[in-house]
Amino acid sequence: MSQGFPRLLGDIGGTHARWAWQAQQGAALEDVTVVADTAAESLYASAVAYLERTGHAHPQWAGIGIATAVTGDEVRMTNHPWSFSIAELKRSLGLSRCLVINDFTALAMSLPALGAADLRALGDGQAVPDAAIGLLGAGTGLGVSGLIPNGPGRWLPLSGEGGHVTLAATNDREAALLAWMRSRSGHVSAERVLSGSGLVNLYQAICTLDGVAPKEVKPADVTTAAQNRADAQCVAAVAQFTAFLGSVAGNLALTLGARGGVYLGGGIVPRLGPAFDAALFRQHFEAKGRFAEYLRPIPAWVIVAPAPALLGASRALDLMPA
Amino acid sequence: MPATFDSPRLLADIGGTYARFTLETAPGEFAHAATLRCADHADFHAAMSAYLVTLPEGRIHHAAVAIANPVEGDAVRMTNYHWQFSIEQMRERLGFDTLVVVNDFTALAMALPRLSPDGKRQVGGGEAHERSVVGLLGSGSGLGVSGLIPADHGWIALGTEGGHTSFSPRDERELAILHHAWKELRGNVGVGSNAATTPTAATAGAPQSAAAAPLAHVSFERLLSGPGLELIYRALAERAGVRAAAGLSAPEITRRALAHSDTVCADALDAFCAMLGTAAANLAVTLGALGGIYIGGGIVPRLGTYFDRSPFRQRFEDKGRFSAYLAQIPTWVVTAADATFHGVSAILAAQLRNLSGAAASAILGQIQRARPNLSPAERRVADHVLAHPRSVLNDPVAEIARAALVSQPTVIRFCRSLGCEGLSDFKLRLASGLTGTVPVTHTQVTRDDSVLELGTKVLGNTASAILQVRDHLNRDNIDRAIALLARAHRVDCFALGYSSAVAQDAQLKFLRLGLPSAAYADPRTQALAAQVLGPGDVAFIISSTGAKPELLAVADTAHERGARVVAVTASQSALARKADATLLVDHVEDVDLQLPMVSRVLHLLMVDILAVGLAMQRRESLSLPAGSERDDEQLAAPARAHSVAPGVSAAVPLSELTSHSR
């Protein structure tokens, strides 16, 4: 169960790579380091640079979460020059095992190990022990995953692409937003609104419906203007983002039977901090007719821990068969 | 595996209208099939008995029932029918050794990996990945959704309510259906109905109503079911400007659509299939169902090849840039009539044999699975353990033997049959398997205990007490205590007797967190120290009973001086009532020994919780006092120099503070 130490752990995102070292079972992660992907020409080079800089050598196992679908030995990141063979990486780093999984799957694996300080609760609810868990992360895209209980203390992670579910409308306003977005880009997935670029989409759609000329904005401009209440359409975009996130999270909880709770990761929600309207989220989370009774006791949390996916990559090495 | 079962297994599939029964004489061999109308029988027992009397002589040991409602716990209540029963009572009344009751949809899901090629028909392209997640949708009186996750050597069936997810319209026709559904529901659904909105720029732009409230919930089930097809028909009749035929039932809509005799019916069935494609694709991407999606239920399998020509598959693949992902996933219609029986049979087999890896490490599950292979005497021990797991933890071997009506060696043989070395080993595994659901109780250390047993018991007692405290942790109390400590200028620790060791431990931790602190164990000094506390200070008091007058006086003095009181003590105690924040530890020590052991450990853990919480709060402004000795193992995590290169940011590892609790 607990073998393969020391370990090199990685969390590879679209813009940054996070590396850490774990010396032994149960040990805390050491030398957690964030580097820009552009600082190295390949994943291998980034890993080697980390090892040299921190003075660590000869990891036994490596566990890497990466922001792309991992379906075979060849791993390719969307819109990103790093692509590699897992077997090749294992050989060149001299590892006895190299596990590469979707970064969201890695994040999911960390969830049962997170404590109260790593989480911020959105409303009430009480997790049912050993029940399925849902995970949503809005950032560059919308990651969706979950954990299915497999006996006490054992979990099976889902590696799906749940960000691409078709977005539902729960009122006339949302139906109008959907219709406008569909007229521009065809299929409107949840990711189309629940991501950085999704925030901008929402802002533009709201401006159009409100008859206001949209400004040229980046995702951070929308959240900042909303936090400062500087722009009515930005405020509305963030509120609508929250409402859609609640609705999509409710759908996920129903689909997985996630009575163990729903976790929100990704870059956007934690960054909104207290500006994230928990009550609005819960309202839309629970607005599923008579299934409000089912959803009300399900807790929802924002993950505020600094490097949960790295911890998850290590847990994945323990829990997933070699 | 034997060619035939020792005794035939009874399988049942109970729907809202019909109860179907069969006997499984050998794996996959069914005989004596019968269908009864539920309405002809007063209750489940009556229907079951009516079937049993038609069978040839011979006892049935094991039975499994698939039933059209959620199954959680022992009480079963049918949603659309008045039958209700206790599974355990029913098992006894019918004289079965085993009676398994599962949701019929879960049973159908379990049948999927075993479906023969002629039991399913593929719609469209795609190829299943071996041992990948499988999804299932069944449209009938409702919309059932399930999934199978490959695990170890078997499968885990997902218990889901996925049919109740919000309907997502994909085109103008479906948007019209959604609007029509809202309109119909507005009449008879309270929630959100009067908050119905015609959004305007003014309301949408105002911060307070920046996101409109949800209207009546229109789930996929609302549309992808028999009643749903009727609703779609009404919506599309309105859209076409045609008067909807009153009371047109789903089977009639289907019949007219297939016969091309009514354009609105044809339109409705077409929309139904397309929307099922959306629901199926949503499930496929959410689960990552590379093993394929199956369509069961009462409606689609009856559509025949019409379904293959319908927009279902095209819609399934129509997910924008994710179309390629979905194109590789196969979709099948389940055509096997007895699929549910195959599934319920598999679930029964998994219960009876040690096949399913699902609950392999849960000792109670293991006992249940091992039970059929035990000798009759050992089986009595198994039944006793399953019925009274909690008391077995406490009882000596003689007591267990007496309760199970067996000899003492049989109890030991039972333990060995489960792969345990003996009773102590078994109890340990039982205890670890019980936490969370069944409370673990205290065991007495007796003079007869061997040294090993003694060690096991002391550790076991402590572990179970810790788990109990964990289950009763109150987050608000912890938050409040940490908040008080985080704001404190200094924290003085007060305790008497054995607890003073805990006060010293707390003092060290507070000092290491840069918080001025002292610890006092002597009542006289305590009184003096309390006198010099001031506003912004915290008196941290540890007491098992919370009733010691000296410590209560400290709390009073602290309050008079404007300081706050944080206590680690028993609930309902005088100290707990006085304190501004209390971490509750209710542990009754062994009165014969009068040695506080377990409670001291619990108190130390409470201090740890506070120290970790405090450390997390103060992480940013934290500075360890210069020159402090690194003689404390727990806190002496290596303070690594973080070489920070340009473009590199180094996070502070939590290890410096929490290495012992991670």
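By convention in this document, chain letters (A, B, ...) are assigned in the order of the sequence lines, proteins followed by strands, and residues within each chain are numbered from 1. Here the structure is a predicted model, which is why all the values come from computation and not from measurement.
- In this structure, the side chains of B:S166 and A:K288 come closer than 4.5 Å at one or more pairs of heavy atoms.
- Within the 4.5 Å cutoff, no side-chain heavy atoms of B:H217 are placed close to those of A:E286.
- Residues A:V165 and B:S168 have side chains not in contact (no heavy-atom distance under 4.5 Å, counting atoms from C-beta outward).
- Residues A:D172 and B:H179 have side chains that bring a donor and an acceptor to within less than 3.5 angstrom of each other.
- Under the 4.5 Å side-chain criterion, counting only non-hydrogen atoms from C-beta, A:T166 is not in contact with B:R315.
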Dump the intermediate steps for salt bridge (Lys or Arg N to Asp or Glu O under 4.0 Å) on A:E191 and B:K319, then the final yes or no. CA-CA 11 Å; A:E191 181 174 272; B:K319 288 274 185 206; over 6 Å; no
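- At least one side-chain heavy atom of B:L283 sits less than 4.5 Å from a side-chain heavy atom of A:T255.
- Between B:L215 and A:T170, the closest side-chain pair of non-hydrogen atoms is not below 4.5 Å.
- For residues 152-187 of chain A, the ring pair (Phe, Tyr, Trp, His ring centres under 6.0 Å) pairs, not counting sequence neighbours, are A:H164-B:F322.
- In terms of non-hydrogen atom pairs under 4.5 Å with chain A, the most contact-rich of B:D171, B:V218, B:T165 is B:T165.
- Heavy atoms closer than 4.5 Å to chain B are found in both the backbone and the side chain of A:A287.
- Judged as a salt bridge (Lys or Arg N to Asp or Glu O under 4.0 Å), and not counting sequence neighbours, the contacts of A:D231 are A:K215.
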